[in-house]
Engineer: 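Structure incoming, see below.
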Amino acid sequence: EEDPLRILRGLRFSAQLGFSIQEETAQAMEKMRSRLTGLSPARTGEEVLHLLCGEQVAGVLRRHREIFGVILPQLVPMFDFDQKNPHHIYDVWEHTLHALAAVPSRRGLRLAVLLHDCGKPARFSVDFRGDGHFYGHAAESAQRAGLAFQRLGMKRTEAKRVKTLIAYHDYDILNSEKSLLSWLRQIGPEALRELLLVKRADNLAQNPQYRRQKQLDCLEERLEALLERRPCYSRHGLALSGGELKALGLEGAAVGKTLDQLVDRVITGQTLNEKAALLSAAKKILLEEQEKIPVNGA
């Protein structure tokens, strides 16, 4: 009654230290849970994000899900939602809890896994065989997660990073250098490493018949071997600078645009990442752009 934040603090201690909560206290927490809506995002976020990193987080969330539903309404539709899909042996909420227990104890990773399927119920459909599908659920989950980030008072940079993991968690990552370079270009090495960890935890919480852990092992090994070679996947990795493009007559936004096109050509194998080859490719790009400009009166 004095301070509803103590509800979250008690759950945090339970998750972090493995303490059980005395039954009368647990009942009082549940009874007073509606008062959590009056807490500031900063106070709420501090407790929840520490709680998520606790070793016993899955059990605490399982027993006190109604409390967390007050803090993050995005979680509520997942409760007891039958996936009706052979790839899954748990409902959406239980799948989430098992995935949480399987991902490393880092706040960004844990939060991404907590919300990675929050959009599934809104994207549920059943095919002619009676199997459930969730087309577009990753994008839906990322959108809904944005409101959760506000409720937790998260900084924009961290929220963006977690949202990226949620948005791409269901995408295929091919075991090829070209695919990995494309992903590195899109989200960077640290986010890609984290995405693979999220995908691993997601898969571990699915039907064991559909495990892809060995494929993920190979992906991680290939990624690290690739990064050791310091490949080019961004402007910074090019063996050509913007100043050298300006010498060709390019200026302003055209310089950055051409650098990006060169990176794409290096990734796809159309151009070697060598100064002479890049200059030659840049001249071709410049000619192609000039040919697109309509002649007066044409």
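Everything quoted here is computed from the prediction, not taken from an experiment. Start at 1 with the first residue, then count along the sequence.
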Engineer: If only atom types and distance count, is the side chain of Asn273 paired as donor or acceptor with the main-chain N or O of Ala239 below 3.5 Å?
Structural biologist: yes
Engineer: Mind checking the CG-CD spacing from Leu184 to Glu177? Nearest 0.5 Å is all I need.
Structural biologist: 10.0 Å
Engineer: Of the non-hydrogen atoms in Pro4 and Leu39, which two are nearest, and what is the gap between them?
Structural biologist: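 Taking every non-hydrogen atom into account, CG-CD2, 4.0 Å.
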Engineer: Using 30° and 60° as the class limits, which term best fits the ring planes of His137 and Phe134: parallel, tilted or perpendicular?
Structural biologist: perpendicular
Engineer: Can a donor-acceptor pair be found, under 3.5 Å and without considering hydrogens, that links the side chain of Thr271 to the backbone of Val266?
Structural biologist: no
Engineer: Would you say Gln83 and Tyr90 are linked by a side-chain donor-acceptor pair, where the criterion is simply a distance under 3.5 Å?
Structural biologist: no
Engineer: May I ask you to decide if Ser176's main-chain N or O and Ser179's side chain share a donor-acceptor pair within less than 3.5 Å?
Structural biologist: no
Engineer: Whether Arg185 and Asp260 form a salt bridge (side-chain N of Lys/Arg under 4.0 Å from carboxylate O of Asp/Glu) is what I want to check.
Structural biologist: yes
Engineer: Go through Asp170 and His116 one step at a time and tell me if the side chain to side chain donor-acceptor pair (under 3.5 Å) criterion holds.
Structural biologist: CA-CA 9 Å; Asp170 203 42; His116 80 286; over 6 Å; no
Engineer: Taking Asp217 as the fixed residue, which of Arg222, Arg200, Arg211 is the one that meets the salt bridge (Lys or Arg N to Asp or Glu O under 4.0 Å) rule?
Structural biologist: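 For Asp217, the salt bridge (Lys or Arg N to Asp or Glu O under 4.0 Å) check succeeds only for Arg200.
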Engineer: Testing the basics here: between Ala145 and Cys118, what is the closest heavy-atom pair and its distance to 0.1 Å?
Structural biologist: N-SG, 4.4 Å
Engineer: Please state whether the rings of Tyr171 and Trp183 are parallel, tilted or perpendicular, taking 30° and 60° as the class boundaries.
Structural biologist: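 Correct class here is perpendicular.
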Engineer: If I take atom CE from residue Met78 and atom CG from residue Leu72, how far apart are they, to the nearest 0.5 angstrom?
Structural biologist: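 One finds 9.0 Å between CE of Met78 and CG of Leu72.
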Engineer: Shared ILVMFWY cluster between Phe124 and Ile89, side chains joined below 4.5 angstrom?
Structural biologist: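 No, no single cluster joins them.
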Engineer: Can you find a pair of side-chain heavy atoms, one from Val255 and one from Leu259, that are under 4.5 Å apart?
Structural biologist: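 Yes - at least one pair of side-chain heavy atoms lies under 4.5 Å apart.
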Engineer: Same cluster or not: Ile173 versus Leu204, using hydrophobic residues (I, L, V, M, F, W, Y) connected whenever any side-chain heavy atoms lie under 4.5 Å apart?
Structural biologist: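 No, Ile173 does not connect to Leu204 through the hydrophobic network.
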Engineer: Are the side chains of Glu190 and Arg161 in contact, using a 4.5 Å heavy-atom criterion?
Structural biologist: yes
Engineer: Can you get from Phe81 to Val113 by hopping between Ile, Leu, Val, Met, Phe, Trp and Tyr side chains that sit under 4.5 Å apart?
Structural biologist: yes
Engineer: Any idea which heavy atoms bring Pro73 and Val70 closest together, and the distance?
Structural biologist: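 That would be CD-O, 4.1 Å.
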Engineer: Between Glu46 and His50, does a side chain to side chain contact (heavy atoms under 4.5 Å, CB included) hold up when you go through it step by step?
Structural biologist: CA-CA 6 Å; Glu46 181 181 359; His50 277 95; 3.9 Å; yes
Engineer: Identify whether the distance between the nearest side-chain nitrogen and carboxylate oxygen of Arg65 and Glu94 falls below 4.0 Å.
Structural biologist: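 Not counted as a salt bridge, because no side-chain N and carboxylate O are separated by less than 4.0 Å.
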Engineer: Could you tell me whether Glu23 atom CD has more than 12 heavy atoms of other residues or ligands within 6.0 Å of it?
Structural biologist: yes
Engineer: Within the side chain of His95, is there an N or O that forms a donor-acceptor pair under 3.5 Å with the backbone of Asp91?
Structural biologist: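 The answer is no, because no donor-acceptor pair under 3.5 Å joins these two groups.
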Engineer: Is Glu244 salt-bridged to Lys275, cutoff N-O under 4.0 Å?
Structural biologist: yes
Engineer: Look at Lys155 together with Glu158 and state whether they make a salt bridge at an N to O cut-off of under 4.0 Å.
Structural biologist: no
Engineer: Any side-chain heavy atom of Cys232 sitting closer than 4.5 Å to one from Ile267?
Structural biologist: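 A side-chain contact is absent here, since even the closest heavy-atom pair is not under 4.5 Å.
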Engineer: In the structure I gave you, are the side-chain heavy atoms of Ile21 and His64 within less than 4.5 Å of one another anywhere?
Structural biologist: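 Heavy-atom side-chain distance check passes, below 4.5 Å.
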Engineer: Kindly indicate whether the side chain of Leu279, heavy atoms from C-beta on, has any atom under 4.5 Å from the side chain of Leu248.
Structural biologist: yes
Engineer: Do side-chain atoms of Arg110 reach the backbone of Gly54 as a donor and acceptor pair under 3.5 angstrom?
Structural biologist: yes
Engineer: Does the pair Tyr168 and Gln186 meet the rule for a side chain to side chain donor-acceptor pair (under 3.5 Å), with working shown?
Structural biologist: CA-CA 11 Å; Tyr168 292 130; Gln186 190 165 355; 2.6 Å; yes
Engineer: Please name the pair of heavy atoms, one in Ala201 and one in Ala99, separated by the smallest distance, quoted to 0.1 Å.
Structural biologist: CB-O, 3.5 Å
Engineer: Compare every heavy atom of Ala282 with every heavy atom of Leu245, then report the nearest pair and how far apart it is.
Structural biologist: CD2-CB, 3.6 Å
Engineer: Hey, does Leu287 have a side-chain heavy atom less than 4.5 Å from the side chain of Lys284?
Structural biologist: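 With C-beta onward as the side chain, the pair stays apart.
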Engineer: Rounded to the nearest 0.5 Å, how far does OG1 of Thr258 lie from CD1 of Ile285?
Structural biologist: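 Spacing of CD1 (Ile285) from OG1 (Thr258) equals 6.0 Å.
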Engineer: Give a yes or no on whether Glu251 atom CD has more than 12 heavy-atom contacts from other residues, nucleotides or ligands under 6.0 Å away.
Structural biologist: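 No, not enclosed.
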Engineer: Using a 3.5 Å distance criterion without hydrogens, assess whether the side chain of Arg35 forms a donor-acceptor pair with backbone atoms of Glu1.
Structural biologist: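 Here the side-chain-to-backbone pair exists.
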Engineer: Calculate, to the nearest 0.5 Å, the distance between atoms CG and CG belonging to Leu115 and Leu152 respectively.
Structural biologist: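 The CG atom of Leu115 sits 8.0 Å away from the CG atom of Leu152.
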Engineer: Please confirm whether the backbone N or O of Asp264 pairs with a side-chain atom of Thr268, one donor and one acceptor, at under 3.5 Å?
Structural biologist: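 Side chain of Thr268 to backbone of Asp264: a pair is present.
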Engineer: Just wondering, are more than 12 heavy atoms of other shown residues or ligands nearer than 6.0 Å to CD in Glu30?
Structural biologist: yes
Engineer: Test Asp117 against Lys120 for side chain to side chain contact (heavy atoms under 4.5 Å, CB included), laying out the working first.
Structural biologist: CA-CA 5 Å; Asp117 278 349; Lys120 267 191 169 182; 3.5 Å; yes
Engineer: Could you check whether any side-chain heavy atom of Gln16 comes within less than 4.5 Å of a side-chain heavy atom of Gln56, counting everything from C-beta outward?
Structural biologist: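 Side-chain contact under 4.5 Å: no.
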Engineer: Tell me, with the steps shown, if Arg43 and Glu47 meet salt bridge (Lys or Arg N to Asp or Glu O under 4.0 Å).
Structural biologist: CA-CA 7 Å; Arg43 298 183 80 202; Glu47 293 298 334; over 6 Å; no
Engineer: Where the side chain of Gln22 meets the backbone of Thr25, is there a donor-acceptor pair that is under 3.5 Å apart?
Structural biologist: yes
Engineer: State the CG-CG distance between Leu36 and Leu8, to the nearest 0.5 angstrom.
Structural biologist: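 Result: 5.0 Å between the selected atoms.
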Engineer: Mark yes or no for whether Ser182, through its side chain, and Lys178, through its backbone, hold a donor-acceptor pair below 3.5 Å.
Structural biologist: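 Yes, because the side chain of Ser182 sits within donor-acceptor range (under 3.5 Å) of the backbone of Lys178.
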Engineer: Test Ile67 against every option in Val60, Leu11, Leu61 by the side chain to side chain contact (heavy atoms under 4.5 Å, CB included) rule and name the one that passes.
Structural biologist: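 The option that passes is Leu11.
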Engineer: Inspect the surroundings of OH in Tyr210 and state if more than 12 heavy atoms from other residues, nucleotides or ligands are less than 6.0 Å away.
Structural biologist: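 Result for OH/Tyr210: enclosed.
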Engineer: Of all heavy-atom pairs between Cys53 and Ser105, which one has the smallest distance, and what is that distance?
Structural biologist: O-OG, 2.5 Å
Engineer: Kindly determine whether Arg193 and Glu224 satisfy salt bridge (Lys or Arg N to Asp or Glu O under 4.0 Å), including the steps that lead there.
Structural biologist: CA-CA 9 Å; Arg193 287 186 177 109; Glu224 295 307 321; 2.7 Å; yes
Engineer: In plain terms, say whether Arg6 and Glu2 are close enough for a salt bridge, that is, a side-chain N and a carboxylate O under 4.0 Å apart.
Structural biologist: yes
Engineer: Do the side-chain N and O atoms of Asn207 and His88 include a donor-acceptor pair separated by under 3.5 angstrom?
Structural biologist: no
Engineer: If I take atom CG from residue Leu111 and atom CD1 from residue Ile166, how far apart are they, to the nearest 0.5 angstrom?
Structural biologist: 6.0 Å
Engineer: Taking the side chain as everything from C-beta on, heavy atoms only, tell me whether Asp127 gets closer than 4.5 Å to His133.
Structural biologist: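 Touching, per the 4.5 Å side-chain cut-off.
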Engineer: State plainly whether one hydrophobic cluster holds both Phe79 and Leu52, where clusters connect Ile, Leu, Val, Met, Phe, Trp and Tyr through side-chain heavy atoms under 4.5 angstrom apart.
Structural biologist: yes
Engineer: In the single-linkage hydrophobic clustering (I, L, V, M, F, W, Y; side-chain heavy atoms under 4.5 Å), do Phe149 and Leu49 co-cluster?
Structural biologist: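 Same cluster.
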Engineer: Looking at Lys199 and Asp202, does any basic side-chain N land under 4.0 Å from a carboxylate oxygen?
Structural biologist: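 A salt bridge is absent here (no side-chain N lies under 4.0 Å from a carboxylate O).
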